[in-house]
Asks: 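Take a look at the following structure, please.
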Amino acid sequence: MKAPNTDKYSAGEQGLGYIYQARLALLHLLQLPEDTAVLLEKDDDLDFVDSGGHKSLASLKHKAEGDRLTDLSTDFWKSVNIWLVRYKRGGRATSNLRFLLFTTGTVSADSFLTRFLPNQPVPTGDAATLTELATAALANSKSQLIGPIANEFNKLSDPEKQDFLERILILDGSPRIGDIPAIIRDKHMRSIRREHREGVFERLEGWWTDSVIKHLTGDRTDGIFGYEVSDKLSSFAEEYKADNLPITFRGKVPDEEIDTGSDPRLFVAQLREIGISSNRIRSAILDYYRAFEQRSAWARENLLVSGEVEEYEDRLSDEWNRYKDVAFEKLKDDSTEDALREAGATLYEWAEFETGRIESLRIRARVTEPYVLRGSFHILADTTPEPRVYWHPRFLDRLSELLGVSA
């Protein structure tokens, strides 16, 4: 067993709590009706609001393995302290609040807290009420922390005490932070092929984390709805079907600075040769980067069929060769450099803007992201010792002069 961290300045447990809060919110929201919204750090750790406006305030406790809740556990009574404030503020017995305690620990069998567990039998007529049990437990406490909470609880009338306590539900044995991904994958992704569930979960959690950050920083003031999770999960799942592939590098940029003037790569030199502007060369570098990294990601996830990329490149090269013959058809041996550049620019413009409309040039039928196709042309233009596609009509001749490559 891993030794506990005894560094009093360590923020590990607090950081773990924040991550647990977001993960458990996602899991629980998946288990609720889609029109339910969750808010973080509002009235409690989590607030769940249903379509009728009824609110469940949830306190979360990620405890050490083997932890147990007893009659006077501070985890329970500190949550009660928060809930009492909300209960009184919300109109007491007329409020629309429920209170949830999610804990990875378990309630001791001899504790009155077992009465707050789900699916408990209805007490018989001679059984002690929740109010009587809570009052008796508080009377045995000498804790300076629990004392003020007991005072606030006793400010309620007896009917209000009973009403307040009947609103509490303890969900003990809640999943630990490391168990939540597997639960989501196994119980909420059954329509997705098993080999793709890990990738879909990573995409979902990335989107979820971004949504939580926007919520906590105030970029979005409303809650996050269950239907948003369902829609996003469905969207990601669609990308892993046989006629599609996930797009995960849209908007990404390389770590190193882009220098269009001195980049030594062959595909960049080709663009300079036909007079493409610096801004367009920068776009080309981004397309190349995104397409290259996207292919690598697909390969790591084993999403590509054997030989699929090679067959795709063959299709692009063949189509390029056909259009090249058209673009260069009127050129002569003595054509001016301006004419050569213009023909090359025409060919490149076709590859950059026209090929996206040709369905047969997609790697798969539903992969329509422009950088995949554009970047693939640049990958072909960057192959060595000789590029498979080129733009300037004389580029291969000049390349052979420069590098000693036979055209």
Side-chain angles (χ1 to χ4, degrees), residues 254 257-295 307-365 367-407:
E257 184 178 352
I258 295 176
D259 186 349
T260 61
S262 61
D263 192 311
R265 287 174 291 184
L266 192 58
F267 81 95
V268 179
Q270 288 214 50
L271 297 176
R272 295 194 199 104
E273 196 73 9
I274 57 172
I276 297 299
S277 69
S278 177
N279 285 341
R280 289 180 67 190
I281 291 177
R282 185 179 190 279
S283 296
I285 292 173
L286 288 174
D287 287 335
Y288 176 94
Y289 164 77
R290 292 165 183 166
F292 185 88
E293 294 297 330
Q294 188 67 81
R295 289 185 183 187
E308 185 172 12
V309 169
E310 292 78 5
E311 188 273 337
Y312 176 56
E313 291 184 341
D314 287 344
R315 279 189 279 136
L316 296 185
S317 180
D318 181 69
E319 197 69 18
W320 164 84
N321 194 56
R322 290 172 182 269
Y323 196 82
K324 169 184 68 76
D325 291 342
V326 174
F328 297 172
E329 190 171 26
K330 295 183 180 180
L331 295 176
K332 303 183 183 305
D333 291 342
D334 59 352
S335 293
T336 65
E337 181 62 22
D338 286 343
L340 296 174
R341 283 193 164 197
E342 183 178 352
T346 298
L347 178 58
Y348 178 63
E349 185 173 340
W350 165 82
E352 188 177 20
F353 297 111
E354 299 298 324
T355 54
R357 304 173 187 174
I358 306 174
E359 292 185 10
S360 63
L361 296 187
R362 298 172 185 172
I363 188 169
R364 290 189 186 173
V367 180
T368 59
E369 180 62 37
Y371 73 71
V372 174
L373 179 55
R374 291 171 178 166
S376 293
F377 273 116
H378 294 306
I379 291 171
L380 290 172
D382 202 57
T383 56
T384 56
E386 184 176 292
R388 293 188 63 185
V389 307
Y390 55 88
W391 315 117
H392 192 289
R394 304 286 187 263
F395 187 78
L396 292 186
D397 296 334
R398 296 177 184 182
L399 182 65
S400 64
E401 292 174 4
L402 180 64
L403 303 178
V405 176
S406 177

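Keep in mind the model is a prediction, meaning the values are calculated, not measured.
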Asks: Out of curiosity, Asn321 CG to Arg388 CZ, how far, rounded to the nearest 0.5 Å?
Replies: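 Going from the CG atom of Asn321 to the CZ atom of Arg388 covers 10.5 Å.
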Asks: Applying ring pair (Phe, Tyr, Trp, His ring centres under 6.0 Å), name anything that partners Tyr390, two or more places apart in sequence or on another chain.
Replies: Trp320
Asks: At what distance, to the nearest 0.5 angstrom, does CD of Glu352 lie from OG of Ser283?
Replies: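 It is 7.0 Å, given to the nearest 0.5 Å.
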Asks: Do His392 and Arg341 have side chains that approach each other closer than 4.5 Å (heavy atoms only, starting at C-beta)?
Replies: yes
Asks: With His378, which residues qualify under ring pair (Phe, Tyr, Trp, His ring centres under 6.0 Å), at least two apart?
Replies: Phe267, Tyr348
Asks: In terms of heavy-atom contacts, does CZ of Phe328 have more than 12 from other residues, nucleotides or ligands at under 6.0 Å?
Replies: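 Check passes, neighbour count above 12.
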Asks: Enumerate donor-acceptor pairs with a distance under 3.5 Å from any side-chain N or O in residues 271-278 to protein atoms, sequence neighbours excluded.
Replies:
from   : atom 1 : to     : atom 2 : distance (Å)
Arg272 : NE     : Thr260 : O      : 3.2
Arg272 : NH1    : Asp263 : O      : 3.4
Arg272 : NH2    : Thr260 : O      : 3.2
Arg272 : NH2    : Gly261 : O      : 3.4
Arg272 : NH2    : Asp263 : O      : 2.6
Glu273 : OE2    : Arg398 : NH1    : 2.5
Ser277 : OG     : Arg280 : N      : 3.4
Ser278 : OG     : Thr260 : OG1    : 2.7

Asks: Show the nearest heavy-atom pair for residues Leu340 and Leu331, with the distance to one decimal.
Replies: CD2-CD1, 4.0 Å
Asks: One thing to verify: whether Glu319 and Arg315 come together as a salt bridge, which I'm taking to mean a side-chain N less than 4.0 angstrom from a carboxylate O.
Replies: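 A salt bridge is absent here (no side-chain N lies under 4.0 Å from a carboxylate O).
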Asks: Contact between Thr346 and Trp350 at the side-chain level, heavy atoms closer than 4.5 Å - yes or no?
Replies: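 No, every pair of side-chain atoms sits at 4.5 Å or beyond.
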Asks: Under 6.0 Å from the CD atom of Glu337, do we count more than 12 heavy atoms belonging to anything else shown?
Replies: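 Counting neighbours around CD of Glu337, more than 12 heavy atoms of other residues, nucleotides or ligands fall under 6.0 Å, so yes.
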Asks: Write down the atom of Val372, the atom of Ile363, and the distance for their closest heavy-atom approach.
Replies: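 Closest approach of Val372 to Ile363, heavy atoms only: CG1-CG2, 4.3 Å.
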Asks: Measure the CD-CG distance between Glu386 and Leu396 for me, rounded to the nearest 0.5 Å.
Replies: 5.0 Å
Asks: Just to verify, what does Asp325 make a salt bridge (charged side-chain N to carboxylate O under 4.0 Å, His left out) with, not counting sequence neighbours?
Replies: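 Counting only residues at least two positions away or on another chain, Asp325 forms no salt bridge (charged side-chain N to carboxylate O under 4.0 Å, His left out).
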Asks: Please step through side-chain hydrogen bond (donor to acceptor under 3.5 Å, both in side chains) for the pair Gln294 and Tyr371, ending with a clear verdict.
Replies: CA-CA 10 Å; Gln294 188 67 81; Tyr371 73 71; 2.6 Å; yes
Asks: Quick one, Arg265 and Tyr288 - any side-chain contact, counting heavy atoms below 4.5 Å?
Replies: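 Yes; the side chains approach each other to less than 4.5 Å.
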Asks: Just wondering, do Thr355 and Phe377 contact through their side chains at under 4.5 Å, heavy atoms?
Replies: yes
Asks: To check you understand the geometry: which heavy-atom pair defines the closest contact between Ala327 and Leu347, and what is its length?
Replies: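 Taking Ala327 first and Leu347 second, the nearest heavy atoms are CB-CB, 4.3 Å.
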Asks: Among all residues two or more places apart in sequence or in another chain, which pass the side chain to side chain donor-acceptor pair (under 3.5 Å) test with Glu308?
Replies: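 Counting only residues at least two positions away or on another chain, Glu308 forms a side chain to side chain donor-acceptor pair (under 3.5 Å) with Arg364.
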Asks: What distance separates Leu380 CG from Leu266 CG, expressed to the nearest 0.5 Å?
Replies: 11.5 Å
Asks: List for me each residue that meets side chain to side chain donor-acceptor pair (under 3.5 Å) alongside Glu342, sequence neighbours excluded, and say none if there are none.
Replies: none
Asks: State, to 0.1 Å, how close Ser376 and Ala291 come at their nearest heavy-atom pair, and which atoms those are.
Replies: N-CB, 4.0 Å
Asks: If every non-hydrogen atom of Gln270 is compared with every non-hydrogen atom of Pro387, which pair is closest and at what distance?
Replies: NE2-CB, 3.6 Å
Asks: Considering only heavy atoms from C-beta outward, does the side chain of Val389 approach that of Leu316 to under 4.5 Å?
Replies: no
